[in-house]
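Here is the naming used below: chain letters follow the sequence lines, and residue numbers restart at 1 for every chain.
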2 protein chains.
Amino acid sequence: MDIKTTCLAILSRADASGYEIKKAFEDGPFSHIQDAGFGSIYPALSRLRDDAHVTVTEMPQNGRPGKKVYSITPAGRMALIDALAQPSMPDRYRSDFLFRTLFANLLNPSDLETMIETRLAELREAVARMENCATCADLEPGEKFVSGMGLSVYRAMLDYIEEHKIELIGASLMAGAAQ
Amino acid sequence: MDIKTTCLAILSRADASGYEIKKAFEDGPFSHIQDAGFGSIYPALSRLRDDAHVTVTEMPQNGRPGKKVYSITPAGRMALIDALAQPSMPDRYRSDFLFRTLFANLLNPSDLETMIETRLAELREAVARMENCATCADLEPGEKFVSGMGLSVYRAMLDYIEEHKIELIGASLMAGAAQ
DNA sequence: TTCGTAATATATCGGAACGATATAGGAAAG
DNA sequence: CTTTCCTATATCGTTCCGATATATTACGAA
């Protein structure tokens, strides 16, 4: 899914500025499954404007740099529907954390343990945040599905690490003793 | 984790050609957590050679374009250990599939169902492949940990989609009827 | 009060990475 | 016998992303 389509999709829900699109990637239901920085969003919006898939309305905001609100056009909506109907790219997961665990023998055990505990804390926080989500009751079906999937996956990771971390640390201790 | 470090890590296990490094990303224990194409690997190897972190031995292979076997140097090993000790980047997950489900209302129900069944088939195949893994018994601890985590996560996804797909398709049918 | 920090807001640059593609011989399959 | 697949290296253009620059408001701390 390229960034142009992603921006179009967000704009199909509501008009937004580049900044608000960025926020949608950070906080909203997209946060766990897509990401984009300003360096991707602004060029994408420019190209979408060139293609007449969005229009821009500049709103002078008393002093502050004028807020540029982007709106999807009918042509943009058609392009979006077309792009969404195409076969989807396979999911991609990149994990520095897991890559490092593969080379746990090159890490000293205390660093490894710190790394694991940090990850556990992050996962616990993510799970807690998603469980106590105030707006979770009145989400629309698609958002509920994605959010539920996220929670389910985070729980699986959390449980797995808690159950098996001891094996990993044990192996690291033995590797250190062998040297 | 940049590609240079990733290549170094693979070379720390065994000498390899660029092609073999690519295969390690496709088949090996790395396949689910890191990826790189030739367009990333070859420039990375060139830069590693410039930094004296690897050496190259060209093996003329009776006619075929000479195989270039890369070996990690002591300096490379130190750079690797240094890089592995640094705090890890947060995991990143990108899913076209889940992004599309967020916009299920823009898809027609039969396309949506096809998409979901395709994903279920992929997940079932991945789980089956990991369960019947011939070499799983004699994996080293780090590889066992990562592989087990992968299996656990794939199962969680599979179960979740099977349990909740009906809600998603139902919502899509209603959206179609409303139009 | 003044200072610093965070939030709002847009935008660009350079480098890293990726997909597609070119090249080429050997092996296996049809 | 010919097409396709596997081994193997390499580059090119596009896309992407992190870092950075700029500017104003607001709020709390020193």
Side-chain angles (χ1 to χ4, degrees), chain A residues 1-8 10-11 15-27 30-31 34-51 54 56-70 83 86-94 96 99, chain B residues 1-8 10 15-27 30 34-51 54 56-70 83 86-94 96 99:
Chain A
M1 191 80 80
D2 60 25
I3 289 208
K4 283 206 295 181
T5 307
T6 314
C7 287
L8 269 187
I10 291 172
L11 290 175
D15 294 353
S17 65
Y19 187 79
E20 286 163 343
I21 291 175
K22 179 78 199 311
K23 273 202 306 182
F25 282 117
E26 278 164 3
D27 312 320
F30 314 100
S31 56
Q34 291 289 335
D35 193 22
F38 290 123
S40 314
I41 292 170
Y42 285 114
L45 289 172
S46 295
R47 277 179 287 141
L48 285 171
R49 201 187 39 197
D50 294 344
D51 300 344
V54 300
V56 195
T57 314
E58 193 149 1
M59 306 197 124
Q61 289 243 277
N62 51 297
R64 273 213 266 335
K67 185 177 183 174
K68 288 185 186 170
V69 175
Y70 294 84
Q86 277 172 235
S88 52
M89 301 262 89
D91 285 17
R92 298 176 66 178
Y93 176 62
R94 300 289 262 272
D96 263 33
F99 189 79
Chain B
M1 191 81 82
D2 60 24
I3 289 208
K4 283 206 295 182
T5 307
T6 313
C7 288
L8 270 186
I10 291 172
D15 293 354
S17 64
Y19 187 79
E20 286 164 342
I21 290 175
K22 179 77 199 310
K23 275 202 304 182
F25 282 118
E26 277 164 4
D27 312 320
F30 313 101
Q34 290 289 335
D35 192 24
F38 290 123
S40 313
I41 291 170
Y42 286 114
L45 289 172
S46 296
R47 276 179 288 143
L48 285 171
R49 200 187 40 197
D50 295 344
D51 299 344
V54 300
V56 194
T57 315
E58 192 149 0
M59 306 196 125
Q61 289 243 277
N62 51 294
R64 273 213 266 335
K67 186 176 181 176
K68 290 184 185 170
V69 175
Y70 294 85
Q86 279 172 236
S88 52
M89 300 263 89
D91 285 18
R92 297 176 67 177
Y93 176 63
R94 300 289 262 269
D96 263 32
F99 189 79

Length of the OH-P vector between B:Tyr19 and D:dT7, whole Å: 4 Å
From CD1 of A:Ile3 across to P of C:dA17 the rounded distance in Å is 17 Å
Could you tell me whether the phosphate oxygens of C:dA17, OP1 or OP2, come under 4.0 Å of any side-chain nitrogen or oxygen in A:Arg92? no
Report the distance from atom NZ of B:Lys4 to atom C1' of C:dA16, rounded to the nearest whole Å. 11 Å
Are any of B:Arg94's side-chain N or O atoms less than 4.0 Å away from OP1 or OP2 of D:dC17? yes
Of the candidate nucleotides D:dT9, C:dT12, C:dT8, which contains the atom at the shortest distance from the side chain of A:Lys23? C:dT8
Do the side chains of B:Arg94 and A:Gln34 get nearer than 4.5 Å, heavy atoms only? yes
For A:Met1 and C:dG19, give me the distance from atom CE to atom C1', rounded to whole Å. 18 Å
How many Å lie between CG on B:Asp35 and C1' on C:dG19, as a whole number? 12 Å
So how far is it from A:Asp96 CG to B:Thr6 OG1, rounded to the nearest 0.5 Å? 7.5 Å
Separation of atom CE in B:Met89 from atom C1' in D:dA19, rounded to whole Å: 13 Å
Going by number, which of residues 40-47 of chain A have a non-hydrogen atom under 4.0 Å from DNA chain C? A:Tyr42
B:Lys68 side chain near D:dT9 phosphate (N/O to OP1/OP2, under 4.0 Å): no
Rounded off to whole Å, could you give me the CZ-to-P distance for the B:Phe38 and D:dT7 pair? 10 Å
